[in-house]
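From a predicted model like this one, the values you see are computed outputs, not experimental measurements. First the proteins, then the strands, lettered A, B, ... as listed; each starts at 1.
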Protein chains: 2
Amino acid sequence: MRAGPSQDEIRRQNLGALLRYVHVHGATTRAELTTVLGLNRSTIGALTADLAGAGLVSEGTPRETGRAGRPSLVVRPEAERVYAYAYSVEVDRLRAARVGLGGAVLDRRELDRPRNLLAEEAAPLLAGALKEMHPAVPAGAVCVGVGVAVCGMVRRDDGLVRLSPPTGWVDEPIGAALAAELGIDVPITVGNVADAAAFAEHARGVAAGCENIIYLYGDVGVGAGIIAGGRRLTGHGGYGGEVGHMVVVRDGTRCECGSRGCWETEIGEHALLRAAGRHDARGRDALLAVFDAAGRGDARAQTAVRQAGDWLGFGVANLVNIFNPEMVIFGGTMRDLYLASAAQVRSRLNSIGLSACLEHVRLRTPKLGADAALVGAAELAFERLLADPLDAG
Amino acid sequence: MRAGPSQDEIRRQNLGALLRYVHVHGATTRAELTTVLGLNRSTIGALTADLAGAGLVSEGTPRETGRAGRPSLVVRPEAERVYAYAYSVEVDRLRAARVGLGGAVLDRRELDRPRNLLAEEAAPLLAGALKEMHPAVPAGAVCVGVGVAVCGMVRRDDGLVRLSPPTGWVDEPIGAALAAELGIDVPITVGNVADAAAFAEHARGVAAGCENIIYLYGDVGVGAGIIAGGRRLTGHGGYGGEVGHMVVVRDGTRCECGSRGCWETEIGEHALLRAAGRHDARGRDALLAVFDAAGRGDARAQTAVRQAGDWLGFGVANLVNIFNPEMVIFGGTMRDLYLASAAQVRSRLNSIGLSACLEHVRLRTPKLGADAALVGAAELAFERLLADPLDAG
DNA sequence: GCGGTTTGTTGTGCCCGGCAACGTATTTCG
DNA sequence: CGAAATACGTTGCCGGGCACAACAAACCGC
């Protein structure tokens, strides 16, 4: 039961809408902004002046238009001067990047992550990557935040990593550890990697313009970033989207989460490698080798892929029936699995899915590729700026 | 990429917030409204004046407060003069009601629904109920809309009932048929019965104040009304929440939807009656007889109930893992099943559910009882008024 | 260079809500 | 019973936000 916005909230929202537009769509003429945002020329002028004054955008000379009339000024995000640090904590990899307003990756570092590395041990490594990148930051540039994407369940309120079977983390305060290590005074936002990737694909990837999407992200486990009605589905505690632990086989194979027959146990890394007869292998490279082998005609690999693809379609169909999404995106290892078994996926989907839900659903692979998680993490950090550009800038 | 609200939208939203508050919470003093809505006394005064002018609220003499100071005026919804018609199309029952602003059922009619009655045949019956109720409407009262709750998949854009296996409806334009039959010029909103019930329980039932809930509604089939982040989860076409057709047994029992092993085939009416050895029975009474028998110690009935309860817990656990809701509500026949098999439900939930998701989830039965669907249908109709009180009034 | 066209800029006005001063209704206390 | 205290409604004023219109500026085609 909340009242409507006050007038300065209007201003904030309009500033945010403008900044978000140039952040997502890149340099934009003022004329275009007036039509897109539905605001008056004079208002757009005032807003850009405010944002330029805060150093968030710059106005440049117009592009050659070819048409008659005074050319419109171009509003550009300050892609170099305003940036966020983004981290992605994956099973066997730590990624760090400096991402400019506008979404460009300005700098990056990657390092292998020893399995069973705890948050307190990871934080110095992550901070080190940041310090390595720091000298390249131009003078006067300002960091608006740090975003961290972790493959695990993250408590919304404080960013505590509750449970991340693939990394072995339980109640790891990665945000606090990182804050202590960095010693810089910027807000740190921690989120789930699938959520972050979904967010990025929703903002500037294949799902641009879609309001209802499911981004399925496979690593060792499987999670989903879900956007419903244009907003992230977080759930009450922030643990929404744990579709990998939807049980698809009652009393099935034991899962790391303690339950049995989770979807993950049928389509996760372990399941596929085991089915392909590679019990000792792990990691993404091993997985790709299976897909390769299947592509080259290896019968056992083909069976494994087909079987996993069948289960992939099974679970996706269930999710489609529940959410009625506009698009399902297959990211991480799910991308490879989907591409290798699209026939099985579609077949299952068509047999299980309700026809009304199948009508408009599109199956896609990510547009942002491996960077989706990083860009999404940055997007999490930028979100604060976009909600209130002048205060957070 | 939408701009912030304009100034008259502020007004609309504030009017809506005030009207919604008295609609949900009943008569409220102006003083309370100022604190709840965070608006100034003068603003509340202006808003109530506008609403009173439109005949939506009335201001009354203050209640005895016992405290010092001038007593605050009481703002009351015009519960008799402003109303909506609500319909609920269930498998073997048609309900109609006149619901006043504030949510009170002012008048009601119920009739049996012959199975296999199509929308065009149902519309005259529904219209007849309305005409029966019409003479009792006080002079000067105004109808703000008609809400219809149907146990089936409803297209959001136009209210077409796409598929409703229990009633046998396929692409039935109940909204249009009703509009033609009624001949009155008020907007007709059609929605899913589970959605409507969830909406009602969220607004004024057990889930008041909860932002993430799953309302499980059982009739012949099973559907869910889902509220995520405080907003209804509709999905892209409006078909979200069809959890009854989440497949829980791969290649299991054939379902009316064309698929196999849907949740519905394990916990729906047919499943329970069959398991209890009552193959020829149907309807709610037959179902209640099974629960009765189980309560009295009938072994076969007990086994049937336990088995269905086990599957109920299974599906609920999956949904809890996916959505991380704050509350799960068991309505319709699911209420009876849940009450009769709470032990099984909790047991499955605890073994399958992720511990983080189980932390805060509460299992509840509806507070509004059998009226939830009707009140929810009315709520759908009121929604338009609450979004823009002065225009829609 | 000149008209036509499109856009930036500036000044004005409307609307909304906050605020403070004043009037009013009720309780409490002497 | 009456005055002080308390809380509230009402009124007028103010600042902020955006739309609008008039004017100035920049570009195109001729």
Q: Give a yes or no on whether the ring-centroid distance for B:Tyr85 and B:Tyr83 is below 6.0 angstrom.
A: yes
(Q) What I want to check is whether the side chains of B:Glu379 and B:His202 have a donor and an acceptor closer together than 3.5 Å. (A) no
**Q.** Test: A:Arg12 and A:Asp391 ion pair at under 4.0 Å
**A.** no
Q: For A:Arg41 and for B:Thr34, locate the closest nucleotide of DNA chain D by heavy-atom distance; then report the residue assigned to the nucleotide nearer the 5' terminus.
A: B:Thr34
Q) So, is B:Thr43 close to the C:dG18 phosphate, meaning a side-chain N or O under 4.0 Å from OP1 or OP2? A) yes
Q. What nucleic acid atoms does B:Asn14 come within less than 4.0 Å of, heavy atoms only: base, sugar-phosphate, or nothing?
A. sugar-phosphate
(Q) Within the structure provided, determine whether B:Leu18 and B:Leu51 are in side-chain contact (heavy-atom separation under 4.5 Å). (A) yes
Q: Return the value, rounded to whole Å, for the distance between atom CG of B:Leu37 and atom P of C:dC16.
A: 17 Å
Q. With sugar-phosphate meaning primed atoms plus P, OP1 and OP2, does A:Ser42 contact a base, only sugar-phosphate, or nothing at under 4.0 Å between heavy atoms?
A. base
(Q) Under 4.0 Å, heavy atom to any atom of DNA chain C: which of residues 69-77 of chain B qualify? (A) B:Gly69, B:Arg70, B:Pro71
Q) Base, sugar-phosphate alone, or nothing: which one does A:Arg11 contact when heavy atoms must sit under 4.0 Å apart? A) sugar-phosphate
(Q) Taking donor-acceptor contacts at under 3.5 Å, does the side chain of B:Gln7 reach the base of D:dG17? (A) yes
**Q.** B:Phe199 ring center near B:Phe382 ring center (under 6.0 Å)
**A.** no
Q) Of A:Arg67 and B:Ala68, whose closest DNA chain D nucleotide lies nearer the 5' terminus? A) B:Ala68
Q | Of the listed nucleotides D:dC18, C:dC16, C:dG18, the one nearest the side chain of B:Leu39 | A | C:dG18
**Q.** Side-chain donor or acceptor of A:Thr35 paired with backbone N/O of A:Leu33 under 3.5 Å
**A.** no
